[in-house]
Amino acid sequence: MRESITLACTECKQRNYETEKEKKHNPDRLEMNKFCKFCKKHTVHKETK
């Protein structure tokens, strides 16, 4: 079953992206390198509740 998650920037703490993940295959929190429009650069985004 796919679960919708929110990704937040680790530098400015803004919640920028919404995506889905397969909880069965990825039980731990997701980290992705994405562009933050508030910082205006690529930063690490972590999964939030």
Over all atoms of both residues, closest heavy-atom pair of Lys40 and Lys37: CG-O, 3.7 Å
Spacing of CE belonging to Met32 relative to NE2 belonging to His42, to within rounding of 0.5 Å: 11.5 Å
Asn26 backbone acceptor or donor facing Lys21 side chain under 3.5 Å: yes
Euclidean distance, Leu7 CG relative to Glu18 CD, rounded to 0.5 Å: 8.5 Å
Side-chain hydrophobic cluster, 4.5 Å single linkage: members besides Val44: none
Any donor-acceptor N/O pair, Glu47 side chain to Thr6 backbone, under 3.5 Å: no
side-chain contact (heavy atoms from CB on, under 4.5 Å) partners of Lys41, counting only residues at least two apart: Glu11, Cys39, Thr43
Interatomic distance, Lys13 atom NZ to Thr48 atom OG1 [nearest 0.5 angstrom]: 11.0 Å
Test side-chain contact (heavy atoms from CB on, under 4.5 Å) applied to Lys49 and Arg29, step by step: CA-CA 10 Å; Lys49 288 281 180 183; Arg29 294 210 175 192; 3.5 Å; yes
Distance (rounded to the nearest 0.5 Å) between Lys46 NZ and Cys9 SG: 11.0 Å
Between CZ on residue Arg2 and NE2 on residue His25, distance to nearest 0.5 Å: 9.0 Å
Residue pair Tyr17 / Phe35: nearest heavy atoms and the distance that separates them: OH-O, 2.7 Å
From His45 atom NE2 to Arg15 atom CZ, the distance as rounded to the nearest 0.5 Å: 12.0 Å
